[in-house]
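Okay, structure first, notes after.
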Amino acid sequence: MTRTASIPVTLITEPRHLTALDPDTALIRLPANTGHGHADGSNCMACAQRTDVRALLSDLLEGAKQGLRPSFTSVVVDASAVPDISIVIAALTGKLPAQALRDHTVARTFYLMG
């Protein structure tokens, strides 16, 4: 999957607002809590990895480039379970500082719709 065009990301923030996806759309679901003994919103490395939308988008892109997953032309991020959606929006709009080179790649490749 080599492309120079930006890939749109649609963010779902309300439960049960996810509709049927076309075959060229990838889906990422962000969980609220892994259920391993802490309250939602606690600072936990395991949960941070599972809810880091930039890392998940990077993994999605790399998987498609390596042929490990189907190619896609758009992404839907289901963040309806996330207690503070502003962090997800900030990550998708470049308002959070980059933590790794992958964050720059994600910023150049994906854009938040609406």
Side-chain angles (χ1 to χ4, degrees):
M1 180 175 146
T2 57
R3 73 177 75 232
T4 57
S6 294
I7 299 170
V9 176
T10 303
L11 187 61
I12 305 295
T13 59
E14 296 293 323
R16 296 180 289 283
H17 278 105
L18 187 61
T19 60
L21 304 176
D22 65 58
D24 294 328
T25 301
L27 174 66
I28 295 176
R29 289 183 191 243
L30 302 179
N33 186 333
T34 61
H36 63 263
H38 64 75
D40 286 349
S42 295
N43 191 9
C44 170
M45 288 297 280
C47 291
Q49 283 300 99
R50 293 187 63 215
T51 59
D52 183 345
V53 70
R54 294 184 297 191
L56 295 170
L57 286 169
S58 177
D59 290 348
L60 196 65
L61 188 61
E62 284 304 310
K65 283 181 181 177
Q66 295 175 15
L68 301 174
R69 61 153 289 113
S71 295
F72 55 92
T73 57
S74 62
V75 177
V76 170
V77 174
D78 179 1
S80 60
V82 175
D84 185 3
I85 197 67
S86 67
I87 296 170
V88 177
I89 293 170
L92 291 172
T93 58
K95 305 285 193 259
L96 292 181
Q99 301 296 313
L101 181 59
R102 66 157 195 261
D103 296 343
H104 296 287
T105 302
V106 167
R108 285 190 310 272
T109 307
F110 297 95
Y111 69 95
L112 182 60
M113 295 272 299

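Any value given below was found using the heavy atoms of this structure, including those in side chains, with hydrogens, waters and symmetry copies removed. Since the model is a prediction, treat every value here as computed from it, not as a measurement.
The side chain to side chain donor-acceptor pair (under 3.5 Å) check on D59 picks up nothing, with sequence neighbours excluded. Taking the side chain to side chain contact (heavy atoms under 4.5 Å, CB included) definition, one finds that A107 meets it with nothing, sequence neighbours left out. A search for side chain to side chain donor-acceptor pair (under 3.5 Å) contacts involving D24 returns nothing, not counting sequence neighbours. Looking at residues two or more places apart in sequence or on another chain, you find a side chain to side chain contact (heavy atoms under 4.5 Å, CB included) between D78 and I12, L18, L27, R29, S80. Scored by the side chain to side chain contact (heavy atoms under 4.5 Å, CB included) test, A100 finds R102 as partners (sequence neighbours excluded). For the side chain to side chain contact (heavy atoms under 4.5 Å, CB included) test, residues two or more places apart in sequence or in another chain that qualify with T93 are I89, K95, L112.
Listed here is the closest heavy atom pair of A81 and P31: CB-C, 4.4 Å. Among all heavy-atom pairs drawn from S74 and I7, the shortest one is CA-CG2, 3.7 Å. The two residues T109 and T105 come nearest to each other via the heavy atoms OG1-O, 2.7 Å. Scanning both residues, A64 and P70, for their nearest heavy atoms gives CB-O, 4.0 Å. Heavy atoms only, all atoms of each residue included: D84 and S86 are closest at OD1-OG, 2.5 Å.
Interatomic distance, CZ of F72 versus CG of D22, reported as 12.5 Å (0.5 Å rounding).
Two residues are said to be in side-chain contact when any heavy atoms from C-beta on lie closer than 4.5 Å; L30 and L56 meet this criterion. Between L96 and R54, the closest side-chain pair of non-hydrogen atoms falls below 4.5 Å. Counting only heavy atoms from C-beta outward, the side chains of Y111 and P8 approach each other to under 4.5 Å. At a threshold of 4.5 Å between non-hydrogen side-chain atoms, the residues L92 and L57 count as touching.
Both I28 and I85 belong to a single network of hydrophobic side chains, linked directly or stepwise wherever heavy atoms of I, L, V, M, F, W or Y lie under 4.5 Å apart.
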